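Only a predicted model underlies this, so the values are computations on that prediction, with no experimental measurement involved. When a ligand or atom number is given, it counts from 1 through the structure's own listing order.
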Amino acid sequence: MATTSDIEKAAEVLRAGGLVALPTETVYGLGANAEDVAAVARIFQVKGRPPSHPLIVHIGGAHHLDEWVEEVPATARLLAGQFWPGPLTLVLRRGRRVPLEATGGLETVAVRVPDHPVALALLSAFGGGITAPSANRFGSVSPTTADDVRAELGDAVDFVLDGGPCGVGVESTIVDVTGETPSILRPGGVTREDLEAVLGYLIEAPSTSHVRVPGQHPSHYAPSARVVLVEPEKVADEAQLAQEQGHQVGVLLPPSLAGTAVKAHAVVPVPASMVGYARELYGFLRELDRRGCDLIVASLPVEEGLGLAIGNRLRRAAGPRSSQ
Ligand code: AMP
Ligand code: MG
């Protein structure tokens, strides 16, 4: 676990233009000084991420928001007041402090305040904004422990702050508040229902076919093993069939099949609670990769509450892959 002197050292690394992996409540981020164009460029290089794909700027508190954006609409103020620190990212009009390199050339910027003591301590010690996408290679599964980060990035990152396993486990919900009504660009740790309760009206859920920003590509958040989604009641049969055909099959066993014997290479029972499932999802996918599975059979949860984010990540993990 990161100590005060680790945090001081990490702040120094950021000031010197280096990259720091930091824990947040969602997933681990690969952080750089948001105002250092060369450091920001290194993030893209290390991740293998196309430069047109925007990053999130992390700030130490809602009171800093005005420093990073052109204007703060009332809706943004309301949502920030309610959900920050927390797994909600707001897309606003870019302030001059944010280099275009961090926004992929967009005139908007994504901002959030992470709800993790180590991230907040680093932001406070550093004093500026930290731009940080998830600390994984482009397209692969986001890391939820410091060990995952080391396995993904090795020496490519200058310093890794260990903050234990991430509590939420899936990325933040991204809400665009630049238009007349807010819209969800990516479902995540804050549920649509929570947003609607605060706003007092219904908002559009993201369409699964809508490709607009990274994290929205058909294949993303993907393990090495191919992911196949079937109806929950068909998971055991599908897994057995594929295993008989010579695959090393990993199974994410839905709660409705708990206790069912499945003929497969590795079986992971999925927690019945959506909070538990979100927290474990990426760890399960990594574990099945580590255990040598080449095919993962899973089913979609009911897509409400956190189930919307889990379903979104599973669909993208199962999406067509351009490189394979
Ligand atoms: P990652 O942490 O790797 O998921 O990357 C940050 C995510 O923030 C990207 O996947 C984008 O979807 C999103 N994002 C960042 N900036 C913007 C923006 N200006 N407009 C829309 N989405 C954004
Ligand atoms: Mg990512």
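A cation-pi arrangement, defined by a distance under 6.0 Å to the six-membered ring centre and an angle within 45 degrees of its axis, is absent between Arg316 and Tyr221.
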Working for side chain to side chain contact (heavy atoms under 4.5 Å, CB included), residues Val262 and Leu253: CA-CA 9 Å; Val262 185; Leu253 193 67; 3.7 Å; yes
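Residue pairs meeting the salt bridge (Lys or Arg N to Asp or Glu O under 4.0 Å) criterion with at least one member in residues 269-298, sequence neighbours excluded: Asp148-Arg286, Glu152-Arg286, Glu287-Arg291.
Looking only at atom types and distance, the side chain of Thr173 has no donor-acceptor partner in the side chain of Arg192 under 3.5 Å away.
Near Ala110, with a cut-off below 4.0 Å to any heavy atom, the atoms of ligand 1 are 14 (N), 15 (C), 16 (N), 17 (C).
The backbone N or O of Ile130 sits less than 3.5 Å from a side-chain atom of His58, completing a donor-acceptor pair. Between the side chain of His265 and the backbone N or O of Gly292 there is no donor-acceptor pair closer than 3.5 Å.
When only interatomic distances are considered, the shortest N/O to N/O separation between Arg49 and ligand 1 falls below 3.5 Å. Residue Arg186 places at least one N or O, backbone or side chain, under 3.5 Å from an N or O of ligand 1.
Between Asp66 and Arg77, at least one side-chain N (NZ, or NE/NH1/NH2) sits under 4.0 Å from a carboxylate O, which counts as a salt bridge.
Interatomic distance, CD of Glu107 versus CG of Leu92, reported as 13.5 Å (0.5 Å rounding).
Protein N, O or S atom count below 2.8 Å of the Mg ion (ligand 2): the structure gives 1.
Counting heavy atoms closer than 4.0 Å to ligand 1, residue Thr108 contributes atoms from both its backbone and its side chain. If you look at Leu55 next to ligand 1, the close heavy atoms, those under 4.0 Å, all belong to the backbone.
Ring centroid separation for the pair His53 and Phe44 does not come in under the 6.0 Å cut-off.
Within the structure, the closest approach of Thr103 to ligand 1 does not fall below 4.0 Å when heavy atoms are considered.
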